[in-house]
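Everything below concerns the one structure shown next.
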Protein chains: 2
Amino acid sequence: MLSPLDPLLHSELRLAVISILIGVESADFVYLKERTGATSGNLSVQIDKLCKAGYIDVEKGFVGRKPRTLCKITEQGRIAFKLYVEALKEYINM
Amino acid sequence: MLSPLDPLLHSELRLAVISILIGVESADFVYLKERTGATSGNLSVQIDKLCKAGYIDVEKGFVGRKPRTLCKITEQGRIAFKLYVEALKEYINM
DNA sequence: TTAATTTGGTTTATTTTATAAACTTGTTTA
DNA sequence: TAAACAAGTTTATAAAATAAACCAAATTAA
């Protein structure tokens, strides 16, 4: 039977965020928003979920006087993504 | 920016159904239920959505005295699946 | 200098989905 | 002939995604 798909990753926006974070050291809220085209509200919620799941680390601080939310994928996130991709491949027959 | 993912296909069960139908001439309700492990109710609903979207053809009939729901992917379904897979690849960096 | 706008978000409300539970109709089987 | 089963459908509930409204601080414009 087909492997189940991690519901935390099987979400367009969360998958996009993880997909971006996989390729970079870290990315901030503004960058993720621009790259994904998401609304702030939606992005905020989804970042929170990924953080609570332990898939990303979120560091809130300031750069100069502006707030900055920095996101970084965790090892757990990398593993979950890898497993998700493997499961997905069963569905798209690759 | 990342391509949007067809919401009709970006659903675990509907994707599983299409994935199975891609590989066979046709498949009936019972077979799909067994292969996906879904409940009847869920499967029924999702088959309906795929049908209404024009991604599959559904033929309800009888074999002997037992009802049989036969599903078959349409050309539109094949195309949608192909596009979905292409879009997905952007996310999983392939 | 103070009023409006922008930036970088968060919170709350709404809509949509997925899923499960309950139900139906006809058919075997005991 | 009553109980159980098969093949679904319908309805109710739970969870998700998304948008809209909001907020605080900083910047810009009048």
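Chain naming here is simple, since letters A, B, ... match the order of the sequence lines and numbering starts at 1 in each.
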[X], nearest nucleotide to its side chain (from [options]):
X       : options                : answer
B:Val45 : D:dT18, C:dG9, D:dT11  : D:dT11
B:Arg65 : C:dT27, C:dG9, C:dT12  : C:dT27
A:Ser40 : C:dT19, D:dA17, C:dT10 : C:dT10
B:Thr39 : C:dA20, D:dG8, D:dA16  : C:dA20
B:Lys66 : D:dA17, C:dG9, D:dA7   : D:dA7
B:Ser44 : D:dT9, C:dG9, C:dT19   : D:dT9
A:Phe29 : C:dG9, D:dG8, D:dA17   : C:dG9

Measuring only between side-chain heavy atoms, which start at C-beta, is A:Tyr55 closer than 4.5 Å to A:Lys49? no

Distance in angstrom units between [X] [atom1] and [N] [atom2], rounded:
X       : N      : atom1 : atom2 : result
A:Asn42 : C:dT11 : CG    : C1'   : 14 Å
B:Glu59 : D:dA7  : CD    : C1'   : 16 Å
B:His10 : C:dT17 : NE2   : P     : 13 Å
B:Arg14 : C:dT16 : CZ    : P     : 14 Å
B:Ile47 : C:dT19 : CD1   : C1'   : 15 Å
A:Asp48 : C:dG9  : CG    : P     : 13 Å
B:Lys33 : D:dC5  : NZ    : P     : 13 Å
B:Glu12 : D:dA15 : CD    : P     : 16 Å

Less than 4.0 angstrom between a side-chain N/O of B:Lys49 and OP1 or OP2 of C:dT17, yes or no? no

Mapping A:Phe62 and A:Gly41 to their closest nucleotides on DNA chain D, which lands nearer the 5' end? A:Gly41

Please give me the minimum heavy-atom distance between A:Ile73 and A:Leu21, naming the atom from each residue.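 Where A:Ile73 meets A:Leu21 most closely, the heavy atoms are CG2-O, 4.0 Å.
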
Which atom names give the shortest non-hydrogen contact between A:Ile47 and A:Cys71, and what distance separates them?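 For A:Ile47 versus A:Cys71, the nearest heavy atoms are CD1-SG, 3.9 Å.
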
Single-linkage hydrophobic cluster, 4.5 Å side-chain cutoff, B:Ile92 and A:Leu2 together: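 Yes, one cluster joins them.
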
Is a side-chain N or O of B:Arg68 found less than 3.5 angstrom from the main chain of B:Val30, in a donor-acceptor match?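 No, the answer is negative, given that no donor and acceptor are paired below the 3.5 Å cut-off.
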
